[in-house]
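Residues take their numbers from the sequence shown, with the count starting at 1.
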Amino acid sequence: SCIQKTDRDGYFLVGSNHAQTKHRVLKIDRTEPKDLAIIDDKHVYNQQELRELLGRLDLGNRTKMGQKGSSGLSRAVSAYGIVGFVRFLEGYYLVLITKRRKMADIGGHSIYKIEDTNMIYIPNDSVRVTHPDEARYVRIFQNVDLSSNFYFSYSYDLSHSLQYNLTLLHSPCDPGTVEEVHTRSSRQQDSFDIFEDEGLPTQVFHGLQSEPYAKYVWNGKLLERVKDTVHPDWLMYIIHGFCGQSKLLIYGRPVHVTLIARRSSKFAGTRFLKRGANCEGDVANEVETEQIIHDASVMSFTAGSYSSYVQVRGSVPLYWSQDISTMMPKPPIRLDQADPYAHVAALHFDQMLQRFGSPIIILNLVKKREKRKHEKILSEELFPAVINLNQFLPPEHCIDYIAWDMARYTKSKLYNVLDRLSMIAENVVKRTGFFINRSDFFCHTLRPDERWGDLGGSLTSSGRVQTGVLRTNCVDCLDRTNTAQFMVGKCALAYQLYALGMIDKPKLQFDTDCVRLFEELYEDHGDTLSLQYGGSQLVHRVKTYRKIAPWTQHSKDIMQTLSRYYSNAFSDADRQDAINLFLQVYQPSESKPHLWELPTDFYLHQRNSMALTHDRRSYTYWWSEGILSYLPLPYDEVPCEENMKKVGVRRVNRYDESIDTYTEFFKPYELTSFDDTFCIAMTNSARELMPKTVGVDPSPFTVRKPEETGKSAVIGAKSSKEETVVQRKTAASAPPPPSEEQISSSSEDDSEDDRDDDGSVSQRSTPVKLLTESGESVRTQEVWDGKLTYIQHEFSICFIFHLSLLSLSLSSVPVSCFTTDSIYEVSSPQVDRDNREVFEGHVLTGLGQVRSLCREDILMYREYIKNRYM
């Protein structure tokens with residue numbers, strides 16, 4: 001989208017789709033000094049209509065008719081989306097995304113990270129009423145760095161889990177109540193249709209669209225002012241947290257591993273200034289982490305195989321805090337309010353039951369034995385609260401409480417911390433299960449695994465659904481929590497890969513390419529969340545608890561501890577003010593004290609301190625109405641009447657871009673470079689982790705020695721992870737692709753050096769030479785891992801499928817009459833007649849021999865013409 005501005009009375013926002021074929025126009029009035037006046041005609045313009053409209057606006061706003069060089073309409077800025085509208089003491093500001101970077105792809109839906117933003121003051125200078133404190137509020141607002149770990153997607157709901165989004169696709173809907181989405185004005189459709197005499201029907205699809213989950217949306221308040229005024233296509237919700245994606249190559253078969261962390265916008269803040277919970281049950285440092293595994297061979301949600309697992313971290317749900325005025329590294333913990341009936345904990349677990357179902361499993365990692373009572377205070381309050389709440393729940397849905405002193409186990413030489421965590425993780429994953437959108441392979445029945453039969457969750461006609469969630473906490477929910485979540489995620493990853501038919505047993509070993517890749521993702525995830533909440537990266541990592549960290553790690557740990565202490569002591573207060581202002585927890589007004597004059601923000605986050613609550617919740621029936629009857633399923637995913645009110649049904653054309661995943665992902669209307677694509681730029685297990693020596697086992701599930709890893713050769717040349725995270729401000733494990741504004745002509749692929757090495761064989765590609773009958777070399781082309789490509793010669797076309805190493809041989813042992821590709825059998829690819837005809841048609845077209853058009857071709861061309869030009 002872009003802003004076209006006029007000199008006199010308004011801004012015009014022109015929003016466009018990817019192909020620049022459909023446009024919407026939004027007018028923002030600049031004559032209002034303190035109010036926001038927006039006009040949206042809800043009309044979709046084509047290119048010709050937009051040119052005519054802008055031409056009329058340009059002509060009508062010239063200072064003098066016919067005067068050269070004084071156009072009344074000029075482009076102010078180009079942007080990729082609207083963050084929102086905000087007002088302090090003067091007029092409104094418009095916040096736009098001016099730079100973005102693709103971070104992940106899920107089912108053809110792109111997820112972007114905000115790289116840069118722009119704040120534009122809306123009122124004209126002639127009507128502006130200045131205020132002396134306006135500039136200070138602007139500076140505080142801009143302290144929230146939107147270029148640091150804020151993410152958005154045009155077509156995928158990031159505020160919900162994959163399980164919710166895919167469950168929504170199977171929800172029953174009433175097509176009679178749909179909102180018809182016109183791709184152009186109905187008047188124009190009725191007046192002219194060049195295909196109306198051919199009797200070809202227009203293919204119509206019904207799409208579902210849900211409301212975002214407010215807890216994880218960070219610009220909800222900034223869009224609240226215009227939510228009911230503009231068309232929903234203008235509204236774009238952003239999340240804060242982490243997003244990273246890596247590619248796991250299993251003998252050339254690509255599997256994408258995605259990690260998405262959603263930070264709660266409720267009771268948000270910095271480490272020592274936000275502890276415990278508020279009066280509504282929202283806890284500090286609450287983050288929902290979701291790991292998505294999908295077979296990238298098939299992209300679509302309906303035909304592809306997708307699996308996800310969700311876990312949560314968050315502060316202990318009690319009224320507690322720490323006084324930082326003492327300038328101590330570990331200020332004493334104090335309980336601020338007595339809560340004998342666990343009212344605040346009940347509100348928190350009610351939210352979790354509604355979103356995740358049962359069982360809710362608490363993994364409490366705080367210390368049990370201390371010379372001077374510190375962390376133990378929290379355990380002594382949390383355990384009785386859980387006991388009190390459980391006595392009113394049915395036994396099968398009770399909250400599970402696991403208390404384990406992880407710090408004490410770490411100091412002991414007799415115990416292995418990760419072995420104990422593995423046992424806990426196995427028990428947790430078996431109870432909650434995980435989500436997968438496909439049924440079991442037949443090989444799981446032929447060779448059943450005892451662990452697979454005990455798996456929990458809920459079975460559906462199309463796969464499995466996760467019921468319940470693990471909630472992990474320590475005091476800060478940073479170092480210990482991240483390691484525990486990694487171990488649970490590693491256990492869930494094994495089950496997910498087993499369910500997708502990639503491994504023969506749901507078990508993964510350390511020091512394999514697969515686990516190394518997953519560990520890197522989780523460490524980047526932990527570093528990012530720690531920077532957001534604690535002001536520094538992780539102090540203790542997975543290698544620390546495995547006791548294999550190098551001796552240089554200790555000095556880095558000391559530096560991270562000092563950095564965290566400095567941030568907590570000197571900069572957290574300013575960051576907290578910025579978060580409060582950005583989330584509109586505090587809204588400036590001339591009738592109340594300024595933000596920097598408030599002695600505390602306690603009253604901003606605790607609503608019951610400003611007004612008496614009229615409805616007191618029951619201490620015994622502490623859950624919301626209707627939740628218990630659907631357990632163990634989460635209430636939010638049940639297709640009941642209340643939930644279906646949040647779902648909108650849209651009637652769209654088959655080729656409409658909003659549902660056309662192919663056009664959005666491949667962008668056939670653009671000239672793209674293969675080396676600049678996101679799939680090539682993301683972290684690749686075969687390229688970056690697999691040993692470069694020919695002859696080793698290329699399986700990513702083979703245990704390797706430290707000197708055998710692909711990264712050992714370049715470890716000296718790479719900068720430290722801390723510098724990488726700080727420089728990129730994203731902590732994503734994948735090397736970033738070129739940004740939208742700065743596309744370099746040279747490839748950023750770090751395998752270029754590998755290809756140019758003399759005498760070395762690249763682990764990513766192998767040169768294949770075609771020889772003519774005379775033995776002369778005709779052409780040399782590289783064939784990429786897992787990619788089917790062809791080498792065209794004047795007389796022949798050859799197909800080559802390269803499986804990482806030429807010396808690799810696969811044995812196919814038939815175990816049943818079924819031809820399903822799985823871990824136990826491999827069936828040769830079958831090309832049906834229709835696909836063969838499509839390919840032959842492409843080849844003939846390339847040679848200039850066009851076949852006759854059939855009815856489907858005319859229908860497709862008709863839809864293309866109507867969407868692009870009519």
Side-chain angles (χ1 to χ4, degrees), residues 1-17 22-45 49-50 52-58 60-61 72-98 114 117-129 134 137-138 141 146 152 154 179 181-182 185 209 211-212 214 217-238 581-584 587-589 648 650 658:
S1 64
C2 65
I3 290 187
Q4 306 281 347
K5 71 174 181 178
T6 61
D7 294 332
R8 287 196 256 176
D9 58 354
Y11 282 120
F12 290 91
L13 263 70
V14 180
S16 307
N17 60 357
K22 301 174 187 176
H23 312 270
R24 291 186 182 273
V25 178
L26 204 65
K27 181 183 178 181
I28 305 176
D29 191 3
R30 301 185 65 197
T31 60
E32 293 289 340
K34 291 190 177 182
D35 198 12
L36 184 62
I38 293 182
I39 300 174
D40 183 9
D41 59 4
K42 308 290 197 303
H43 180 75
V44 179
Y45 297 87
E49 290 175 336
L50 181 66
E52 293 175 357
L53 174 64
L54 296 181
R56 290 195 299 270
L57 291 173
D58 179 63
N61 287 280
L73 198 65
S74 60
R75 175 174 297 210
V77 65
S78 295
Y80 294 104
I82 301 173
V83 175
F85 298 85
V86 63
R87 178 182 176 271
F88 307 119
L89 296 173
E90 295 181 9
Y92 275 89
Y93 293 84
L94 170 63
V95 185
L96 296 171
I97 300 170
T98 56
I114 298 176
T117 56
N118 191 6
M119 278 185 71
I120 298 176
Y121 188 67
I122 294 175
N124 209 337
D125 291 338
S126 60
V127 298
R128 182 170 187 172
V129 180
E134 179 77 5
Y137 277 114
V138 172
F141 183 86
L146 282 171
F152 70 94
Y154 297 110
E179 170 200 353
V181 181
H182 298 281
S185 65
Q209 188 174 21
E211 293 182 4
V217 173
W218 276 66
N219 63 334
K221 289 290 185 181
L222 302 181
L223 293 173
E224 194 173 41
R225 183 71 173 77
V226 299
K227 184 178 180 181
D228 299 326
T229 306
V230 302
H231 191 275
D233 287 350
W234 288 103
L235 305 177
M236 192 178 67
Y237 298 98
I238 63 175
L581 190 61
F582 182 84
L583 295 174
Q584 297 288 280
Q587 296 181 358
S589 173
R650 306 181 69 183
S658 61

Item to complete: Take L222 and V95 through the side chain to side chain contact (heavy atoms under 4.5 Å, CB included) test and state the conclusion after the steps.
Response: CA-CA 9 Å; L222 302 181; V95 185; 5.5 Å; no
Quick one: [atom1] on [X] to [atom2] on [Y], what's the gap to the nearest 0.5 Å?
X	Y	atom1	atom2	result
E52	L54	CD	CG	10.5 Å
R87	Q584	CZ	CD	10.5 Å
Y93	N118	OH	CG	12.5 Å
I122	K34	CD1	NZ	15.0 Å
K22	E49	NZ	CD	13.0 Å
R24	D41	CZ	CG	8.5 Å

Given side chains that start at C-beta, do those of [X] and [Y] come closer than 4.5 Å, heavy atoms only?
X	Y	result
I28	F85	yes
W234	L223	no
V14	Y45	no
L96	I82	yes
L53	H23	no
T31	S126	no
V83	I97	yes

Discussion item. Whether R225 and D35 form a salt bridge (side-chain N of Lys/Arg under 4.0 Å from carboxylate O of Asp/Glu) is what I want to check.
Written reply: yes
Worksheet item: Got more than 12 heavy atoms from elsewhere within 6.0 Å of NZ, K227?
Response: no
Discussion item. If you take the centroid of each ring, where Trp contributes its six-membered ring, are F141 and F582 closer together than 6.0 Å?
Written reply: yes
Practice prompt. Test Y11 against every option in I38, I120, L26, D29 by the side-chain contact (heavy atoms from CB on, under 4.5 Å) rule and name the one that passes.
Written response: I120
Worksheet item: Please walk me through it: do Y154 and Y80 pass ring-ring contact (aromatic ring centres under 6.0 Å, His included)?
Response: CA-CA 10 Å; Y154 297 110; Y80 294 104; 7.9 Å; no
Discussion item. I'd like to know if the side chain of N219 reaches the main chain of M236, judged simply by a donor and an acceptor atom lying under 3.5 Å from each other, with no hydrogens or angles considered.
Written reply: yes
Worksheet item: Got a donor-acceptor contact below 3.5 angstrom from the E134 side chain to the E90 backbone?
Response: yes
Could you tell me which non-hydrogen atom of [X] sits nearest to which non-hydrogen atom of [Y], and how far apart they are?
X	Y	answer
S78	T98	O-CG2, 3.9 Å
P33	P123	O-CG, 3.6 Å
Y121	G91	OH-N, 3.0 Å

Practice prompt. Please test D40 against V226 for side chain to side chain contact (heavy atoms under 4.5 Å, CB included), starting from the C-alpha separation and ending with a verdict.
Written response: CA-CA 10 Å; D40 183 9; V226 299; over 6 Å; no
